[in-house]
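Please read the structure below before turning to the comments.
Here is the naming used below: chain letters follow the sequence lines, and residue numbers restart at 1 for every chain.
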There are 2 protein chains.
Amino acid sequence: MAGMDALTAIAEPTRRRIVDALRTRECSVTDLVTMLRMSQPAVSKHLRVLREAGVVTASTRAQQRIYRLNPAPFRELDAWLAPYRQLWTRHLAALEEHLNERDKP
Amino acid sequence: MAGMDALTAIAEPTRRRIVDALRTRECSVTDLVTMLRMSQPAVSKHLRVLREAGVVTASTRAQQRIYRLNPAPFRELDAWLAPYRQLWTRHLAALEEHLNERDKP
DNA sequence: CTGCTTTATGCCTTGACGGTTATATAACCG
DNA sequence: CGGTTATATAACCGTCAAGGCATAAAGCAG
């Protein structure tokens, strides 16, 4: 019942591997277990964290639980990143400025 | 000597506060200490982590060390996020499709 | 109902991390 | 030089989370 935010959840290396896997196609738990070469409980626990953070959603199909990504937190992350974009555009602008300045004899 | 990656470094709540503060203007350590209302050693340690992850750079000015953001990791984060963008564009497309379908009697 | 498969939970150990106080290092000022 | 400011490091502690194994729970097959 922790409720950690999406970014913190995604940051963990193993969970990022899970997220990267789910990006291309939805997966069952055993799918992920074989991909990550980790114990099933470990994977289930990571999935629980991701679920409670709203990063993934699960649906039941027969005995399997199919996990897929939830777009929302990625949009949020994108929104958070937005104001940082001018960071490197400004950087490039400064660089260009510098080059122009240098070419003037 | 850990060498954690940028995303993991940024994910930590306190460090995200530092990064958010540095986004608008560069800061000295004491600046950050007063902002975060935390002990100076704690701030210095977080700055060390951010430094080793390449998130920030430091320069010396008198006795102060001025910290500023390094654009690179944010570009990397943006690049990592890029393939996820189609996640919500697809999502929107599907939604629109669904609405169109529903309007046909 | 009895297995069989798939997933979730409980318990435990271990290692890492965030925070503190105390101290070292470094750069300025007089 | 001595003193003061600014930052980094050391030593320590409490907490927490990630991983393991064992076990429960849930859904299907026969």
Start at the 5' end of DNA chain D and walk down; is the nucleotide closest to T60(A) or to R37(A) reached first? R37(A)
Does dT20(C) have OP1 or OP2 under 4.0 Å away from a side-chain N or O of S39(B)? yes
Would you indicate, yes or no, if dT7(C) has its OP1 or OP2 atom less than 4.0 angstrom from a side-chain nitrogen or oxygen of R48(A)? no
Tell me whether the side-chain N or O atoms of Q40(B) pair up with the base of dA6(D) as donor and acceptor below 3.5 Å, since no angle test is needed here. no
Out of dT20(C), dT7(D), dT6(C), which has the shortest distance to the side chain of M38(B)? dT20(C)
Closest listed nucleotide, where the reference is the side chain of Q63(A) and the choices are dA6(D), dA10(D), dT5(C): dT5(C)
Evaluate the ring planes of Y84(A) and F74(B), with Trp represented by its six-membered ring, and classify them as parallel (under 30°), tilted (30 to 60°) or perpendicular (over 60°). parallel
If you take atom types as modelled and just measure distance, does the side chain of E12(A) reach the base of dA18(D) with a donor-acceptor pair under 3.5 Å? no
Once you apply a heavy-atom cut-off of 4.0 Å, does A42(A) come out as touching a base, just sugar-phosphate, or nothing? sugar-phosphate
Side-chain N or O of S28(B) less than 4.0 angstrom from OP1 or OP2 on dA6(D)? no
Side-chain N or O of H46(B) closer than 4.0 Å to phosphate OP1/OP2 of dG19(C): yes
Given side chains that start at C-beta, do those of I66(A) and C27(A) come closer than 4.5 Å, heavy atoms only? no
Would you tell me if any nitrogen or oxygen in the side chain of Y67(B) comes within less than 4.0 Å of OP1 or OP2 on dA6(D)? no
Ignoring backbone atoms, test whether S44(A) places a side-chain nitrogen or oxygen under 4.0 Å from the OP1 or OP2 oxygen of dT9(C). no
At 4.0 Å (heavy atoms only), tell me whether R15(A) reaches a base, stays on the sugar-phosphate, or touches nothing. sugar-phosphate
Any side-chain N or O of T14(A) less than 4.0 Å from the OP1 or OP2 oxygen of dG19(D)? yes
